[in-house]
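To find a chain, count down the sequence lines: A is the first, B the second, and so on, and within it residues start at 1.
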2 protein chains.
Amino acid sequence: MATDRDSVLEAAVGVLSRRPTAHLDEIARAAGISRATLHRIFPGREALIREVGALGLRRFSTALDVAQVEQGSAEAALRRLVDAVVPDAALCAFLAGENQLYDDPEINDLWELQDARVRALFLRGQQEGTFRVELSAGWLSEAFFDLVAGIGWAVQEGRLAPRESAFSLAELFLDGALRRPDTP
Amino acid sequence: MATDRDSVLEAAVGVLSRRPTAHLDEIARAAGISRATLHRIFPGREALIREVGALGLRRFSTALDVAQVEQGSAEAALRRLVDAVVPDAALCAFLAGENQLYDDPEINDLWELQDARVRALFLRGQQEGTFRVELSAGWLSEAFFDLVAGIGWAVQEGRLAPRESAFSLAELFLDGALRRPDTP
DNA sequence: CCAGAGTGAGACACAAACGTCTCATCTGCG
DNA sequence: CGCAGATGAGACGTTTGTGTCTCACTCTGG
């Protein structure tokens, strides 16, 4: 059952995002199964890592879908994306930390696809005048992902309340840290 | 000689920030020395990692010093900090990715010290009205570090030009991604 | 109650990385 | 030239994680 697989993968993320070198033993215990069963589901460590990455990318992809990032104003689209992606921030944190994943061409291609959608969103926003043009769309895309990953880590470590996370992300990314006098 | 040690550590960062599980063999080759000599300088892998972390924290600490983050307006202080920390962004990226480092109480204490200085900067900025108060000083501190680490990765992978990095970081963090109509 | 599938616990061999050692080579200096 | 110190190359044993296997147990459906 795919549900079972996914639940194991979610447990794996909880461990791996904190300690990428965690033993399979530890991951199995975190998932509430034995190492033997873990091996029955995933052929080996490499496959497990790859599946976790693939899950993260699928989640990110559906987040882009449900947020309808290609529709409406770029700012509203980004705010929708923030709301949609925050629940899966831990998976994104894993994706950000596991550069080794991108050695796999399949994973890499999938990532390029999603990244292109995000870059396109920023490019569109720049063309319609809502996003600043002094900052490249590539950097905006990268920084956005960095902050999502940061949210994932911070929430997981208990340094940030989950309820605040979407607000904190959107506000900082869009408006910055500087307080500005009310400009009506 | 400490200089020699540091040059090895810098080479180690170049490898480890990309692939934290890199073999000592690889690190030694990147540093231009043999595995035997690497073992002569550092007792083992654990010690090496710890020393890299300590170097990163020392650099971050001196960046806080040379930026004089406790002096002048909080915004100007942060801009100085950005300029001072960007050259060592790769080391910060390593610090961000290696959560395991903070198991060592010495490293952890040193980190707490630096983090407290950054949080104090944001707190001061909030009190003097330059930083937004809707975002907690803790989150601002965390997000700032996330972006510094992101800069480190992006520059290392060639996705961001080093010359742009300080500007990109300061502008996005302080003013956000949204373009705003000129507000004189 | 029984049969069968699925699971957990443990044993075992294998591979890889690590830490240590030895020895040949190179370099700088008297 | 000769010597001392440092380095590189390589071999060796050890440790650790992994992958595979077996066996006993449990749970479910007939």
Side-chain angles (χ1 to χ4, degrees), chain A residues 1-56 91 93-95 97-104 106-107, chain B residues 1-56 91 93-95 97-104 106-107:
Chain A
M1 343 230 144
T3 309
D4 204 11
R5 286 171 60 94
D6 282 15
S7 76
V8 172
L9 291 177
E10 301 240 28
V13 174
V15 179
L16 288 172
S17 65
R18 268 192 284 260
R19 202 139 34 78
T21 64
H23 309 321
L24 292 184
D25 217 349
E26 205 172 337
I27 297 172
R29 246 181 296 125
I33 61 178
S34 71
R35 198 163 66 91
T37 305
L38 184 60
H39 269 282
R40 285 188 190 104
I41 304 177
F42 304 102
R45 181 190 185 83
E46 194 181 353
L48 172 64
I49 301 274
R50 201 150 30 83
E51 295 266 6
V52 174
L55 175 65
L91 271 163
F94 175 80
L95 283 175
E98 210 73 3
N99 301 37
Q100 203 162 357
L101 270 171
Y102 303 99
D103 293 346
D104 183 19
E106 192 176 347
I107 295 280
Chain B
M1 344 230 141
T3 309
D4 204 12
R5 285 171 62 95
D6 282 15
S7 76
V8 171
L9 290 177
E10 300 240 28
V13 173
V15 179
L16 287 171
S17 65
R18 268 191 285 260
R19 205 142 31 78
T21 65
H23 309 322
L24 292 184
D25 218 349
E26 206 170 337
I27 298 172
R29 246 181 296 124
I33 61 178
S34 73
R35 197 163 66 92
T37 305
L38 183 62
H39 269 282
R40 286 187 189 105
I41 304 179
F42 304 103
R45 181 191 185 82
E46 195 181 352
L48 173 64
I49 302 273
R50 200 149 32 81
E51 295 265 6
V52 174
L55 175 65
L91 271 162
F94 176 80
L95 283 174
E98 208 73 5
N99 301 37
Q100 202 161 358
L101 270 172
Y102 303 99
D103 293 347
D104 182 20
E106 192 176 346
I107 295 280

Tell me the interatomic distance from [X], atom [atom1], to [N], atom [atom2], rounded to whole angstroms.
X: R29(B); N: dT7(D); atom1: CZ; atom2: C1'; value: 17 Å
X: D4(B); N: dA6(D); atom1: CG; atom2: P; value: 12 Å
X: L38(B); N: dG19(C); atom1: CG; atom2: P; value: 9 Å
X: I27(B); N: dA17(C); atom1: CD1; atom2: P; value: 12 Å

Give the B/S/- string for nucleotides 16-21 of chain D, one per nucleotide from 5' to 3', where a protein heavy atom under 4.0 Å of the base yields B, of only the sugar-phosphate yields S, and otherwise -. -SBBB-
Nearest non-hydrogen partners of [X] and [Y], listed with the distance:
X: L95(A); Y: Y102(A); result: O-OH, 3.3 Å
X: V15(B); Y: E26(B); result: CG1-OE2, 4.3 Å
X: I27(A); Y: A12(A); result: CG2-CB, 3.8 Å

If you round to the nearest 0.5 Å, how far is OG1 of T21(A) from CZ of R45(A)? 7.0 Å
Rounded to the nearest 0.5 Å, how far does CG of D25(A) lie from OG of S34(A)?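 Separation between the atoms: 9.5 Å.
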S34(B) side chain N/O closer than 4.0 Å to the phosphate oxygens (OP1, OP2) of dT7(D)?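 No, outside the criterion.
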A side-chain contact here means heavy atoms from C-beta on lying under 4.5 Å apart; do V52(A) and L91(A) qualify? yes
